[in-house]
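Since the structure comes first, as structure tokens, the remarks are kept for the end.
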Amino acid sequence: MSANPFLDPALVHGDLYCTDDRLAERTRALRQAKIAGRNAAQVVIDLLAQRTSPGAVMLDIGCGRGTTTLRIAAGLRPRRLIAVDASSALLDTVQTRLAQADEVGSTVCADFHHLPLPDAMADAAVAAFCLYHSTTPAAVVAEIARCLRPGGVAVLVTKSLDSYAELDQLVQAANLDPDAASRPSLYESFHSDNLVNIAATHLTVLDVLHEQHVFEFADATHLARYLATTPKYRIPPAGGPADLAAILRERLPVPPYPTRSTVSYALTARS
Ligand SMILES: C[S@@+](CC[C@H](N)C(=O)[O-])C[C@H]1O[C@@H](n2cnc3c(N)ncnc32)[C@H](O)[C@@H]1O
């Protein structure tokens, strides 16, 4: 396995995203813990709304479970919306969620390094929380730029290198993973500090936002739900989140367990 699980193709295209459950549970645990920070999908919509009109053609690259896709559909009313991801299981979830919300969009199963889409076909694109899965994120930015028409816009979103560092300390203090705090950040290939330079390789950067998100895990059960679904840690096999929660309860100080992450957005355009 690569030192960084987010850059390990076997894990990214296997355990991490080959079903909907793991991403859904990790997202739910984080959402329930959040006490400060705007909804990232809504920030993306607000950025795009200034630069697009209803009836546009839009792409959601690395769409995951379609959280941003659904907001684009409802908030920006595109004429055509294409959600792209390498996981067919997650694309099934996107289709189900779009149908449940009575929204229209199509899905394409593809590697974002080689988008099977024509040149200049889109007015706008989003790549949220996914380019850190590439060792060459500038190559994905080049693909996104190729698919945008001249003047088309893209929003790229990522997190800071030190995201959730407080949890590394807790996992280490609980003696669950002695190297947790010294292992590379999951976001090392594409993060708040290199976002602008990487975006600028193929796009013009119009605006950049950095927003701090603050989280508080209410108790050991809540924390275990997050830790059991993030690939960062090498926690010895236990019976599942309930056993992990019991260990955390025994070894950690009293809850809540706070942590932070900076979420960074680049609004860009194809010249
Ligand atoms: C955290 S999820 C994205 C969440 C989503 N964009 C959102 O805003 O809710 C990361 C996604 O990147 C996708 N991904 C990772 N490597 C990829 C690749 N090479 N090509 C396409 N998608 C990829 C994964 O399958 C996963 O769905």
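Whatever order the structure lists ligands and atoms in, that order sets their numbers, starting from 1. Just the heavy atoms: all of them, side chains too, but no hydrogens, waters or symmetry mates, feed the values below.
- With a 4.0 Å cut-off on non-hydrogen atoms, Cys63 touches ligand 1 through its backbone and not its side chain.
- Residue-level proximity to ligand 1 for Val12 is carried by the side chain, the only part with a heavy atom below 4.0 angstrom.
- The protein heavy-atom contact nearest to atom 12 (O) of ligand 1 is Cys130 CB, 3.5 Å.
- For ligand 1, the atoms lying closer than 4.0 Å to a non-hydrogen atom of Leu90 are 27 (O).
- Regarding atom 10 (C) of ligand 1, its nearest protein heavy-atom neighbour is Phe129 O, 3.4 Å.
- Counting heavy atoms under 4.0 Å from ligand 1, residue Tyr17 touches it through the side chain alone.
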Can you check side chain to side chain donor-acceptor pair (under 3.5 Å) on Ser134 and His113, steps first, answer last? CA-CA 8 Å; Ser134 173; His113 299 90; 2.7 Å; yes

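- Scanning the protein heavy atoms around atom 11 (C) of ligand 1, the nearest turns out to be Asp85 OD2, 3.7 Å.
- Residues passing the side chain to side chain donor-acceptor pair (under 3.5 Å) test with Ser192 are Ser264, sequence neighbours excluded.
- Assignment of Pro9 to the shell around ligand 1 is not supported, since no heavy atom sits closer than 4.0 Å.
- At the top of the distance list for atom 9 (O) of ligand 1, counting protein heavy atoms only, stands Thr67 CB, 3.6 Å.
- The residues Lys232 and Asp168 are annotated as salt-bridged, a charged nitrogen and a carboxylate oxygen being separated by less than 4.0 angstrom.
- Nearest heavy-atom pair, Leu59 versus Cys147, reported as atom, atom and distance to 0.1 Å: CD1-CB, 4.0 Å.
- Between Ser163 and Ser160, the side chains place a donor N or O and an acceptor N or O closer than 3.5 Å (distance only, hydrogens not considered).
- Heavy-atom contacts from other residues, nucleotides or ligands closer than 6.0 Å to CZ of Arg80 number 12 or fewer.
- Salt bridge present: Glu103 and Arg77 bring a charged side-chain N and a carboxylate O closer than 4.0 Å.
- Among protein heavy atoms, the minimum distance from atom 7 (C) of ligand 1 is reached at Thr68 OG1, 3.6 Å.
- Contacts of Arg71 classified as salt bridge (Lys or Arg N to Asp or Glu O under 4.0 Å), with partners at least two apart in sequence or in another chain: none.
- If you look at Ala110 next to ligand 1, the close heavy atoms, those under 4.0 Å, all belong to the backbone.
- Nearest to atom 23 (C) of ligand 1 among the protein's heavy atoms is Phe112 CE2, 3.5 Å.
- At the top of the distance list for atom 22 (N) of ligand 1, counting protein heavy atoms only, stands Ala86 N, 3.2 Å.
- The atoms of ligand 1 that sit less than 4.0 Å from any heavy atom of Gly64 are 27 (O).
- Here is the list of ligand 1 atoms found below 4.0 Å of a heavy atom in Asp111: 18 (C), 19 (N), 20 (N).
- Protein heavy atom in closest approach to atom 3 (C) of ligand 1: Gly62 O, 3.3 Å.
- Looking at Asp177 and Arg234, no side-chain N of the basic residue comes within less than 4.0 Å of a carboxylate O on the acidic one, giving no salt bridge.
- Within a 6.0 Å radius of CG in Asp102, no more than 12 heavy atoms belonging to other residues, nucleotides or ligands are found.
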